[in-house]
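Reading through the structure tokens given below for one structure.
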Amino acid sequence: MEHEHKNNLNGLEMEKGNKESGSREGLELTMRVLALVLSLTAATVLGVAKQTKVVSITLIPTLPPLDVSATAKASYLSAFVFNISANAIACGYTAISIAILMVSKGRRSKGLIMAVLIGDLVMMALLFSSTGAAGAIGLMGVQGNKHVMWKKVCNVLGKFCHQTAASVAITLLAAIMFMVLVVLDAMKLP
């Protein structure tokens, strides 16, 4: 009788462990899909960011102002290209990791968990670094730099600056998603 009771408890414990594992896998899948959507959105928003504006420039006070067309595109600045590339890489990696984790559902080896952990860690570092690079250039556009005589451009090209700021914020959220995924992956290791 006592032996049956003990087996029954083990069955309940195993069932409870399976439910917790299933909910943890569901949370991980949700976080991965969210990271995929965020990185895809950030890459798209910054990739299509473009604005053209006619700016009047006065060369000599006695001459009339000269109208010049000024165009801003994300591809003109290497930090923004880096941010787009980092988001595209993270998006691709996330799609592949979702597929791999869906195929190996329930039978994940320590090696697979470690490989996903390292991949998530690399994506986190890549996204945080691209956020910093794009954010620094974005800040330069907002404030300018008097020491090297770089003028503010966001007062002229406001739409472009708002799009780049939104992309940098979304990239930061994607990086935070990967940071949480790294913690979840690390908790799975024995």
Side-chain angles (χ1 to χ4, degrees), residues 28-101 116 118-182:
E28 180 183 3
L29 179 63
T30 303
M31 299 283 291
R32 287 190 186 284
V33 169
L34 188 56
L36 175 90
V37 169
L38 287 170
S39 59
L40 179 64
T41 303
T44 304
V45 167
L46 190 55
V48 300
K50 179 181 176 182
Q51 184 178 5
T52 302
K53 193 137 187 189
V54 176
V55 181
S56 296
I57 299 175
T58 304
L59 298 174
I60 300 174
T62 57
L63 293 175
L66 181 64
D67 290 336
V68 178
S69 177
T71 301
K73 288 173 63 175
S75 61
Y76 292 169
L77 294 164
S78 60
F80 290 156
V81 173
F82 174 49
N83 189 278
I84 293 168
S85 301
N87 276 297
I89 291 167
C91 184
Y93 162 78
T94 307
I96 291 168
S97 71
I98 288 171
I100 289 171
L101 292 174
V116 170
I118 291 170
D120 289 347
L121 194 59
V122 169
M123 292 307 115
M124 180 190 75
L126 186 64
L127 288 176
F128 273 126
S129 66
S130 72
T131 300
I137 292 300
L139 189 62
M140 196 69 66
V142 171
Q143 295 180 348
N145 188 328
K146 293 177 186 175
H147 301 289
V148 291
M149 296 197 292
W150 289 347
K151 304 287 183 191
K152 298 176 187 179
V153 294
C154 286
N155 56 348
V156 177
L157 301 166
K159 177 187 165 202
F160 177 76
C161 288
H162 286 98
Q163 283 180 293
T164 58
S167 177
V168 169
I170 295 168
T171 303
L172 181 61
L173 290 175
I176 291 170
M177 287 295 122
F178 277 105
M179 185 172 69
V180 172
L181 283 168
V182 165

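- Pairing each heavy atom of A88 with each of A43, the nearest pair is N-CB, 4.3 Å.
- The closest side-chain heavy-atom distance from L101 to L29 is not below 4.5 Å.
- C161 pairs by the disulfide bond (SG atoms under 2.5 Å apart) definition with C154, not counting sequence neighbours.
- Nearest heavy-atom pair across A95 and L36 is N-CD1, 3.7 Å.
- Closest approach of V156 and K53 over heavy atoms only: O-CD, 3.3 Å.
- Note that the OG1 atom of T164 and the CG atom of L46 stand 7.0 Å from one another [nearest 0.5 Å].
- At a threshold of 4.5 Å between non-hydrogen side-chain atoms, the residues M123 and T94 do not count as touching.
- Between K50 and Q163, the shortest heavy-atom contact is N-OE1, 3.8 Å.
- At least one side-chain heavy atom of V116 sits less than 4.5 Å from a side-chain heavy atom of R32.
- Checking side-chain atoms of N83 against main-chain N and O of S130 turns up a donor-acceptor pair under 3.5 Å.
- Taking CG from L172 and CE from M177, the interatomic distance works out to 10.0 Å, rounded to the nearest 0.5 Å.
- In terms of modelled atom types and a separation under 3.5 Å, the side chain of S167 and the main chain of A42 share a donor-acceptor contact.
- In this structure, F178 CZ and S39 OG are separated by 6.0 Å, a value rounded to the nearest 0.5 Å.
- Note: L127 CG to I89 CD1 = 9.5 Å, rounded to the nearest 0.5 Å.
- The closest side-chain heavy-atom distance from F82 to L77 is not below 4.5 Å.
- What you find for S56 and P65 is that their closest heavy atoms are CB-CB, 4.1 Å.
- Taking each heavy atom of L157 and A72 in turn, the nearest pair found is CD1-CB, 3.6 Å.
- Rounded to the nearest 0.5 Å, atoms CG (L34) and CD1 (I176) are 11.0 Å apart.
- D120 CG to E28 CD: the interatomic distance, rounded to the nearest 0.5 Å, is 7.5 Å.
- Using cut-offs of 30° and 60° on the angle between ring planes, the pair F160 and F80 is perpendicular.
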